[in-house]
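Attaching a single structure in structure tokens format; questions to follow.
Values reported hereafter were calculated over all heavy atoms of this structure, with side chains retained and with hydrogens, waters and symmetry mates removed. Letters go in sequence order (proteins before strands), and every chain restarts at 1.
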Number of protein chains: 2
Amino acid sequence: MSSTRAKAVPDRRRAILDAAVRVFARQGFHACRVSDIADEAGVAYGLLYHYFPSKEEVLNTLFLERWGVMLEMIREVDRKPVPVREKLAAIASFIVDSYRHDPDLMKVIIVEVTRAANSFGQTHLGQIREAYRMIGEIVTKAQQEGVFKADIDAEFAAMTFYGAIEQVLTGWIFGLLPQGEDDLERAKQMVVETVCGGLEVGPGTLPA
Amino acid sequence: MSSTRAKAVPDRRRAILDAAVRVFARQGFHACRVSDIADEAGVAYGLLYHYFPSKEEVLNTLFLERWGVMLEMIREVDRKPVPVREKLAAIASFIVDSYRHDPDLMKVIIVEVTRAANSFGQTHLGQIREAYRMIGEIVTKAQQEGVFKADIDAEFAAMTFYGAIEQVLTGWIFGLLPQGEDDLERAKQMVVETVCGGLEVGPGTLPA
DNA sequence: TGGCTTATTGACTGACCAGTCAATCCATCC
DNA sequence: GGATGGATTGACTGGTCAGTCAATAAGCCA
């Protein structure tokens, strides 16, 4: 309706969410004030409470929006009849590209939710867990097909994979790792290469 | 002096630090009050400020104490003339054993400092970085010796390795992963096996 | 014993900030 | 044009809590 006309009613709700991303990324959720978000959005203090019941709910919304997209993506990838390596590459790719597209948002999600398992992580543990579960399932299938070693717990493997990616993102977020265009691409490959290389059955396997 | 006599003067400073670990682990740094720490330590509110200039400094102290031990340990491991795999295994072992010995402390360090790179992580980025740097150096040496593939950035490899371990700990901390005695031991092996397996030069290597 | 220093106590204060609310604005429709 | 309801405003309130401080206890030396 309102979106049929260009430059129609400005979407304040969206403006608030976008401003919150910038403010949370810059100052952190706990350190920022609600008025900082309102100011950044160019909106009166009280308007935030017209659209959201609390400061916390703003963060929840940001997280759920993005995490939902990722879960959907993993689900789709899992359905495709392609080799594990390709599936994991698709997941790594999606996450790295998400960072490329909106580093601030990814910073907020990782720093304030995913890695803050007290406070917010607790609230969203179910969602987060779902991602691990699906990755674990991909690993399990690969084991059943004999592509991955069977003696490794799939859940641990999933954590290892996801943890490796998230740590690389964290490295970028805090300027510990170079993040040129090619660094991002190479990181995707590297993580997949490393983890798959370690998990695959093959001549590389060293028996104890 | 005072420690020569058993049951001598009770060390309130230590009591406060230990209580803080429990309280931070249970409630989180931001969510707990200074009075919670004092109560847990069985000590008056003001005494905390006799020993520490601020609540924050209590956390800093806890982190620096433990992180210092880890850095020293990595330094020593690095000096030994043993294969990479053994060096990385020693590091993984140390971290997992630290968790076994004091899960609350590790939870606090990971959740409140290492993964909270806003706020406290920022303060200690130097210390944290130092760990990555040293692990990266171990990888570099392995590459020079021809044991690890040379086309992988050592810094990325270090992040991958450390990230994988930390994620497994996080899994334990939040009850996402089983943590029986044997699970801990297998996790050590698995992380090292996986990461080394992926990084090592060898017949397992798939050329692009 | 008296006098000095350090440890310990807990009531109090000052700042801060999330969330409320009554008032105003504005689009829309009859 | 005026009535209705959602959008928008920002001053204000209530509660919370980190950190202060003046008072008291406990150790210690001469």
Just the rounded figure in Å: distance from P of C:dG19 to CD of A:E57.
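Taking CD of A:E57 and P of C:dG19, I get 11 Å after rounding.
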Take the angle between the ring planes of A:F156 and B:W172 and call it parallel below 30°, perpendicular above 60°, tilted in between.
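Perpendicular: the ring planes of A:F156 and B:W172 meet at over 60°.
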Carboxylate-amine/guanidinium contact B:R133 B:E130, below 4.0 Å:
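Yes, charged N to carboxylate O under 4.0 Å.
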Can you measure B:I37 atom CD1 to D:dG19 atom P for me and round it to whole angstrom units?
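Atom-to-atom, B:I37 to D:dG19, this comes out as 10 Å.
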Please check the phosphate of C:dG10 (OP1 and OP2 only) for any side-chain N or O of B:Y45 closer than 4.0 Å.
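No, because none of the side-chain N or O atoms of B:Y45 sits under 4.0 Å from OP1 or OP2 of C:dG10.
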Please confirm whether the shortest side-chain N or O distance from A:H50 to OP1 or OP2 of D:dA7 is below 4.0 Å.
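The answer is yes; a side-chain N or O of A:H50 sits under 4.0 Å from OP1 or OP2.
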N-O pairing of A:R14 and A:E65 below 4.0 Å:
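Looking at A:E65 together with A:R14, the answer is yes, because their closest N to O distance falls below 4.0 Å.
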What's the NE2-P distance between B:H30 and C:dC16, to the nearest Å?
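Going from NE2 in B:H30 over to P in C:dC16 covers 18 Å.
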Select one nucleotide: of C:dT9, C:dA18, D:dT20, the one nearest the side-chain heavy atoms of A:K55.
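Nearest to the side chain of A:K55 among the choices is C:dA18.
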Does OP1 or OP2 of D:dT16 have a side-chain N or O of B:R33 closer than 4.0 Å?
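So the side-chain polar atoms of B:R33 never come under 4.0 Å of the phosphate oxygens OP1 or OP2 of D:dT16.
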Test: A:D78 and A:R75 ion pair at under 4.0 Å
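Salt bridge: no.
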Ignoring hydrogens and angles, are the base of D:dA7 and the side chain of A:Y51 linked by a donor-acceptor pair under 3.5 Å?
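Counting by modelled atom types and ignoring angles, no donor-acceptor contact under 3.5 Å is found here.
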Take the protein atom CG of A:D39 and the nucleotide atom C1' of D:dT9, then report the distance between them rounded to whole Å.
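About 13 Å, once rounded to whole Å.
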Which whole-number value in Å describes the distance from B:D36 CG to D:dA18 P?
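These atoms are roughly 8 Å apart.
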Output the rounded distance in Å from CG (B:L47) to P (C:dT6).
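For the pair B:L47 CG and C:dT6 P, the rounded distance is 15 Å.
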B:L48 CG to C:dT8 P, straight-line distance once rounded to whole Å
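So the CG-P distance, B:L48 to C:dT8, works out to 12 Å.
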I need the CZ-C1' distance between A:R14 and D:dA7, as an integer number of Å.
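Going from CZ in A:R14 over to C1' in D:dA7 covers 19 Å.
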